[in-house]
2 protein chains.
Amino acid sequence: MLVRQDLSYFFMGKKVIRIKDIAEKAQVSTGTVDRVIHNRGRVAEDVKERVNSIIKQLNYEPNLMARVLSSRKTFNIAALIPDHKIDAYWSAPKSGIKKAESEFRAYGTKIEYYTFNPYKVESFVKKADELTKEKPDAIILSPIFYKETLPFFEKWKSQNIPFVLFNTEIHEYDPLSYIGQDSYQSGLIAAKLIHYGNPDPSTFLVAHIDEGTANAAHLEKKEQGFRDYFEQNSLSDYQIIRAELNTAQLSSFLNAFDTILRENPELKGIYVTTSKAHEIANLLQQKHIRTLKIVGYDLVSKNIKLLNNGMISFLINQHPKGQGYWSVSHLVDHLIFKKEVPMLKYLPLDIVTKENLNYYLDSDE
Amino acid sequence: MLVRQDLSYFFMGKKVIRIKDIAEKAQVSTGTVDRVIHNRGRVAEDVKERVNSIIKQLNYEPNLMARVLSSRKTFNIAALIPDHKIDAYWSAPKSGIKKAESEFRAYGTKIEYYTFNPYKVESFVKKADELTKEKPDAIILSPIFYKETLPFFEKWKSQNIPFVLFNTEIHEYDPLSYIGQDSYQSGLIAAKLIHYGNPDPSTFLVAHIDEGTANAAHLEKKEQGFRDYFEQNSLSDYQIIRAELNTAQLSSFLNAFDTILRENPELKGIYVTTSKAHEIANLLQQKHIRTLKIVGYDLVSKNIKLLNNGMISFLINQHPKGQGYWSVSHLVDHLIFKKEVPMLKYLPLDIVTKENLNYYLDSDE
DNA sequence: TTTGTTTGTGTGTTCGGACACGCAAATATA
DNA sequence: TATATTTGCGTGTCCGAACACACAAACAAA
């Protein structure tokens, strides 16, 4: 008969501590140590303290492999996200979620998708209701409807279901974690880029296109960052104007834009705070106007085309794929590995030109 | 007595395949399946085929947790890297390696560091010799000395020790993987940035500072990218000049630079292809020249200071930390998880301004 | 005092895979 | 033919942690 002896092995000169080692040192059984670790009760107070102090002293770190393997739970994560068939932007976060899903599948995570129409509140509420009924172990969502989301937060909170937000930040009922971009900083960057390309005093337009109240806070922060750049650098001879445009009503959109062009002959740059820079760029292309610098957001295909032909100067990439990925990753760290996860994770803001576009298109963060 | 029955559990509707399941279906024992999987021989040919076809058919994916847990090997990885006390640039890759080390410690990886003086070949050779004697399970290195590295590659190759290169690319004796930046593309980007800020025809300087032959290929590629940008965009009325400067001999450096300034009154921008943009920026600051746009590389503290006060317009970040991290990560994927790893990984090129600097300073990729 | 419940602790099985060993049958060598 | 060796396959233990269960002692209720 084979008996491999108890190695209690060493790693980098240090003994690797197992529950068994703690048990021996504390003169109790592994079961007791386990009960202490998981606070499952049924342990005498003095023993508990003794074990805990030994755990601390030996700097015990549980073996995650063994933990995952032995407690073979499956965690159901619900992802409440906008339908990418309706707004292409959302395909990136989804692919990030999918990437994480496949990476963490082995740990027993399962993701159920609830997709809603980003332009219809009812659709959001309906899906959120469905999801809540299923009582998932955790939730990922982009709460683009502020008012309607709050009651759900309350419910999840009371049911102790952790949720992670991405893309859109809501502070109330603190989520486990928020993954997103720093809108204010991105406004600063946009300003820098536009200013850098137009060193002489002129007029710049901040255009909020096609996003109503849903993202209002974000857009405001972006605009504030943009304006503050000029303020901070004492560039008071630059004029910043703003416009809210909606391409749904095409003719009024065209009119409004024409008016802006007419009334601002000194206009040299446009900062589009949403992913709709292509709407403006297309228009300018049709009008054969090539003197305006456009800075926009997000690597959606329509933007990419116009970045490549030079109509758009820069796109700021908010790592939408990374947002999806990290949302899941944080949840897995929390649920499975019981790690502390940061409450806030701002993803980097990448400045994308046609020259470095390739990296961001299929970067697998 | 408790008997938990064999669950052969389901996940997302699909049965999760274990060795046991394969064994049952193939009417053999798990030991046999194991021998097939690991090609340990001692299996009849027909059985082997049967098992293999079932593995394929059921799309068996080994449980990595279980694998790591049961085969409790420790892998010794040797990291051969330049001393960051001599050149600050190298602290970033090292911190990336350390990050990966702590992340993968649980999988049984141990990293031994061999640091050499990046300015002394002998130092490199000595450390490489030491390392080779230790017969590590894998090697990570930045082969900044081309000629001297080749014999080691040969040796490691013959000893079947996989090695990963980062930062500096050498094609011969193909490494397991190369992690680095696309120098040519970064030249293009630099050109775009400098041109964007100087739309009117003028002169630009490509300055190679303080790096001799070690990085020659890289620097050439950068310059080529820079020049090609103007070519591709038919900007033939821009003049591109080049200079190789060495700050070690200070007076000749100053003289050379003065000459350049004197002879090129139309000079509007400087592209520093190394991490030494601060040398130029400092000089210009002393001379109170603020009309030149400088684009350089790497977030070393001296550069950061000058980025923040506006002397340097942009820094291109080559993700040095990520290079270290991904080197280890690829090795772990290969050694432990037996995954396919890409032969080439170009990390993104980030355009850093003082506005988005924060993200890159402690971004934990 | 007897019976029931709570508290404290130890034991044994399991997760999926790796590998050492046992052992019979087939084949080779004497 | 007797003895060695190789080949093919099964069994059992272990990795470290989780958790179900067994069971004695302490305490409470009858």
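Predicted model, so just to flag it, every value in this text is computed and none were measured. Every chain is numbered from 1, with letters handed out A, B, ... down the list of sequences.
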remark   = Separation of D:dG10 atom P from B:E24 atom CD, nearest Å, is 12 Å

ask   = Is the distance from OP1 or OP2 of C:dG16 to the nearest side-chain N or O of B:R67 less than 4.0 Å?
value = no

message = Could you check whether any side-chain N or O of B:Q323 sits under 3.5 Å from a backbone N or O of B:N167, counting only pairs where one atom can act as donor and the other as acceptor?
response = yes

query = Would you call B:R18-B:D21 a salt bridge at under 4.0 Å N-O?
reply = yes

note = Whole-Å distance, A:I37 CD1 to D:dC19 P, equals 12 Å

inquiry  = Please verify the inter-ring angle class for B:W156 with B:F153; under 30° counts as parallel, over 60° as perpendicular, anything in between as tilted.
reply    = tilted

task = Send over the distance from B:Q27 CD to D:dG10 C1', rounded to a whole Å.
result = 14 Å

ask   = Are side-chain heavy atoms of B:P162 and B:L335 found at a separation under 4.5 Å?
value = yes

ask   = Does any N or O in the side chain of A:T109 come within less than 3.5 Å of the main-chain N or O of A:F75, such that one atom is a donor and the other an acceptor?
value = no

note = Of D:dT11, D:dA17, C:dG10, the nucleotide closest to the side chain of A:N63 is D:dA17

key: Donor-acceptor contact below 3.5 Å, side chain B:S70 vs main chain B:A66   = yes

remark   = Winner on side-chain proximity to B:S29, out of D:dG16, D:dA18, D:dC9, is D:dC9

query = Donor-acceptor pair, A:D137 side chain versus A:N76 backbone, under 3.5 Å?
reply = yes

key: OP1 or OP2 of D:dC19 under 4.0 Å from side-chain N/O of A:H38   = no

message = Using whole Å, what does the distance between atom P of nucleotide D:dG16 and atom CG of A:D34 come to?
response = 15 Å

message = Looking at A:Y107, I'd like to know whether one of its side-chain N or O atoms comes within less than 4.0 Å of OP1 or OP2 on C:dG16.
response = no

Write out a two-atom table: protein N or O, nucleotide N or O from nucleotides 5-8 of chain C, distance below 3.5 Å.
unit_1, atom_1, unit_2, atom_2, d
C:dG8, N7, A:R42, NH1, 3.4
C:dG8, O6, A:R42, NH1, 3.3

task = Report yes or no: does B:S142 contribute a side-chain atom to a donor-acceptor pair with the main-chain N or O of B:F166 at less than 3.5 Å?
result = yes

query = Tell me: CE of B:M65 to C1' of C:dG16, nearest whole Å?
reply = 11 Å

key: Of A:A66 and B:D46, the one whose closest DNA chain D nucleotide lies more 5'   = B:D46

key: Residue-phosphate contact under 4.0 Å: B:T32 side-chain N/O, D:dG10 OP1/OP2   = yes

message = Closest-nucleotide mapping onto DNA chain D: is B:S71 or B:T30 further toward the 5' terminus? I mean the 5' end.
response = B:T30

message = It should be established whether A:R18 places a side-chain nitrogen or oxygen under 4.0 Å from OP1 or OP2 of nucleotide D:dA17.
response = no

message = At 4.0 Å (heavy atoms only), tell me whether B:I19 reaches a base, stays on the sugar-phosphate, or touches nothing.
response = sugar-phosphate

task = Output yes when at least one side-chain N/O atom of A:S70 is less than 4.0 Å from OP1 or OP2 of C:dC15, else no.
result = no

key: Distance, rounded to the nearest Å, where A:L69 contributes CG and D:dC15 contributes P   = 14 Å

note = From CD1 of A:I22 across to C1' of C:dT9 the rounded distance in Å is 17 Å

ask   = In whole angstroms, how far is the C1' atom of D:dC9 from the NZ atom of B:K48?
value = 15 Å

